[in-house]
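Data block below; observations after.
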There are 2 protein chains.
Amino acid sequence: MAVKIADPLLMREINKFHVLETIRCHGQISRVEISERTLLSGTTVSAITGALIEEGLIHATHTEANGETHRGRPRVLLGLVADAAYVLGIKISEATTTVTLIDFQGEVVTSVQLPIRLSRQPAEVIADLIEDAMDDCINKSGVNRKRIRGIGIGVPGLVDPRSGRSYASSVFGEREVPLSALLGERTGLPVKLEKPANLLALAEAWFGYAQRDKSFGVIVLDQTASLGLWLDDDVHRGASTLGPTFGHLKVGSQGVACDCGQLDCLNAHVSDAALRKHAADALGSGFVQTALARTSITAALAEACDAGEAEARKIIDGHGAKLGVGVSHVINLINPEKIIVVLESQRYCDLVEPALRAAAAANSFRAHYASTELILHTLDDQLWARGAAALMLRDIYSAPWTSAYQEELQ
Amino acid sequence: MAVKIADPLLMREINKFHVLETIRCHGQISRVEISERTLLSGTTVSAITGALIEEGLIHATHTEANGETHRGRPRVLLGLVADAAYVLGIKISEATTTVTLIDFQGEVVTSVQLPIRLSRQPAEVIADLIEDAMDDCINKSGVNRKRIRGIGIGVPGLVDPRSGRSYASSVFGEREVPLSALLGERTGLPVKLEKPANLLALAEAWFGYAQRDKSFGVIVLDQTASLGLWLDDDVHRGASTLGPTFGHLKVGSQGVACDCGQLDCLNAHVSDAALRKHAADALGSGFVQTALARTSITAALAEACDAGEAEARKIIDGHGAKLGVGVSHVINLINPEKIIVVLESQRYCDLVEPALRAAAAANSFRAHYASTELILHTLDDQLWARGAAALMLRDIYSAPWTSAYQEELQ
DNA sequence: GTCTTTAATAAGGGATGCGTAAAAAGTAGC
DNA sequence: GCTACTTTTTACGCATCCCTTATTAAAGAC
């Protein structure tokens, strides 16, 4: 039984949720329009918005009709109270860690970057560093700490959101780190852990390209390739709760070894490490070393390609082709409405796109390829943060009819 | 907005659904126990069961406490009225078509086999033949035609359940057949079309191995390989509504051509046609011809293998290996709680299982492989039928909180 | 400055639902 | 036959929704 028994209170909660959702999606909206959109009666909308105002979640922004001026009493526009709650979004990467404070509307309040390579430190030290960064972020913002409702974190590698543990992550020396617990102790706040791709999926679903879509996938290349799958209004986690393993799909049969001990995993072909190796083989280790001191491997390849280096072009095409095969598996099996591929730079998107699309098309069933929209765009640091924030915000907004709601409350 | 606005009527519908679900799952159950399981108050359960009795969906089976005798007033056991509704389940294959009448409890009432190769006939003729078979089935059962609520059909090839059309099916000469419409006209009943794998997924979810699972996949080899995916209490259809295309996943890189025009599709390696070709190449076309006159290709291979034929063993292992690669993609991307592989005979299950498991394990990420249970079992003709029936039954039982409910009513 | 128009709230009537608590029903034990 | 005990139903109170009809509020139109 995934759905709760109905009683009058649940009824209210459901309708309250719908009203809040409508306000959240629309930004500024009058009671009449809420009534029209939700099909709730004006009376009910008034009662619910009244309660929400009392709870401090929304307020009348007092702005009258926008632009054109109407005849009668102007509509009072309602909007979320930005100050109603705050959430910290944290994105941990190998080279940089970003801590961002997000308000109830999902807007960035403050953001702090920690340009530190964490991988040499034990988990306890890393937790301390992150705590300092959070404090810094909060202090800069001037936000009352009591209004902060939780912390959402994205960390590479395997993540079990249920236990809040990170496994085999490249940023930690330890194989297993109870990151949720470490940060929960220090802050007294609820902490949610997710893999970065799921964070992006959340961000796309809440703020990005996929707000209306029932199903979509987000593929992100952040050291390794990873997929976040959004199905039925939630991140898909699967039986292991680890989410899909895009990076270990098998592509091709060249017999390239992957860290996981198997052969021809996608990651063995498209991870940053693999790209560096390809580049070193084709362009010389000197090129790689000088380039990487300055920039990322994809940026370096893009530059070399633009400089007319045929080998760089070949590597990029190969990269796109392998990614395309992976994408084709997603199209064939899931056939989501959208697949969003998130890459580091616009230039690299442009360079990799032809080969990626060609491979995706060549390896997926026609009808499915035609119905899945393939989008490439660049990685926005704020998108990470907002995804991490959405992780916590969705708890505040949580849909009342799911049993998950109850579990998370206790 | 996937969820309806709450009002008192919806509330009743939700709770009614829960009560009916409880009765359906438990078979015979007293009001008290329903109250305990659903957490609804006794009053409400009485009111709802009263309404359900009035509607003729359930009745008091008047059996008192089973076995042990209790102290106070004995519980009145309630159960589904088998006669409350009937549904026709139809499974169309190349060689045989089965028509089955199922009652409200999901039990088979009558079943009729049409041992006719349909592929030579135009769609209109096929529809006529099926209509005759349905009439025969109904007449034999003695069931009042008015009690029949709909028809569920499984047909190989591409199926668009939304339009009720079958595309590129091996059983039809035409590329596109509006089968729902053809049978709807003839019977005046609602007709639902599905691909066979989805039918099996439904059957497993309602009656089979996966009644408790949130997510699972069913793989069936019926001419070609096909996958039905059950996610979030429903068959997953994807953007194209055609469902996953397991058979056109790319496995290996031998460059074997598939009907779809691409290379190395799973079907190009594991379809019945591919197996026949492998068998003809390795064992001689004479073997294939004499064997197929008598039995199926898998049964023939199993026999040859049992007779010590090394080439047959090799073909079966290859078959299992390719299937295993396909399975690994499902495990990596979806990581469902179960994957159920449905094969023709128990013997073939036993023979193909080692290679299948080995390939699945070798190509899927460890944690995911470990958390997905892999089950092989044989195809039961009744399972098809019950799946087809569930297709319609779920409309009668339909969950009131989804928008799909509303769409399907109109 | 008054009239018109639209928005929002308030009040009353009607319907439905849930839940609690008491009454009715039905059986076993003494 | 009476009592004890459990199930089921009935009666009542309360909450929610909806609708209709004022009432109040705030602007534009004249």
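- In this structure, Lys16(A) does not pair ionically with Glu21(A), as no charged nitrogen and carboxylate oxygen lie closer than 4.0 Å.
- At whole-Å resolution of the value, CE in Met11(A) and P in dT16(D) are 8 Å apart.
- Take Phe104(A) and apply the ring pair (Phe, Tyr, Trp, His ring centres under 6.0 Å) test, not counting sequence neighbours, and it matches Tyr397(A).
- Note: CD1 (Ile34(B)) to C1' (dT7(D)) measures 13 Å, nearest angstrom.
- Of the candidate nucleotides dT8(D), dC18(C), dT16(D), dC18(C) has the atom lying nearest to any side-chain atom of Arg12(B).
- Leu20(A) has its side chain out of reach of Thr22(A): every pair of non-hydrogen atoms, C-beta onward, lies at least 4.5 Å apart.
- When the side-chain nitrogen and oxygen atoms of Arg75(A) are compared with OP1 and OP2 of dA7(C), one or more of them lie within a distance under 4.0 Å.
- Going from atom CZ of Arg31(A) over to atom P of dT6(C) covers 19 Å, rounded to whole Å.
- In terms of the side chain to side chain contact (heavy atoms under 4.5 Å, CB included) criterion, residue partners of Val81(B) (sequence neighbours excluded) are, by chain and number, His59(B), Asp83(B), Ala84(B).
- Here the P atom of nucleotide dC17(D) and the CZ atom of Phe17(A) are 16 Å apart, to the nearest Å.
- Listed by first and then second residue, the salt bridge (charged side-chain N to carboxylate O under 4.0 Å, His left out) pairs involving residues 208-218 of chain B are Asp213(B)-Lys338(B) (not counting sequence neighbours).
- Between the P atom of dT9(C) and the CD atom of Glu54(A) lies a distance of 13 Å, rounded to the nearest Å.
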Please table the atom pairs, donor to acceptor, closer than 3.5 Å between any side-chain atom in residues 42-53 of chain A and protein atoms at least two apart or in another chain.
unit_1, atom_1, unit_2, atom_2, d
Thr44(A), OG1, Ser41(A), OG, 2.9
Thr49(A), OG1, Arg31(A), NE, 3.4
Thr49(A), OG1, Val45(A), O, 2.7
Thr49(A), OG1, Ser46(A), O, 3.0

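- Computed from coordinates, the Leu78(A) CG to dT9(C) C1' distance equals 14 Å when rounded to whole Å.
- Residues forming a side chain to side chain contact (heavy atoms under 4.5 Å, CB included) with Thr110(B) (at least two apart in sequence, or on another chain): Leu101(B), Cys137(B), Lys140(B), Ser141(B).
- Using a 4.0 Å cutoff on non-hydrogen atoms, the parts of residues 40-49 of chain B near DNA chain D are Thr43(B), Ser46(B), ordered by number.
- Nucleotide dA26(D) holds its P atom 15 Å from the CG atom of Leu77(A), rounded to whole Å.
- Taking the side chain to side chain contact (heavy atoms under 4.5 Å, CB included) definition, one finds that Gln382(B) meets it with Val108(B), Asp380(B), sequence neighbours left out.
- Look at CG on Asn15(B): it is 9 Å from C1' on dG17(C), rounded to the nearest Å.
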Which atom pairs link the protein and nucleotides 12-14 of chain D when you take only N or O atoms and keep those under 3.5 Å?
none

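- The side chain to side chain contact (heavy atoms under 4.5 Å, CB included) search around Ala390(B) returns Leu202(B), Trp206(B), Phe207(B), not counting sequence neighbours.
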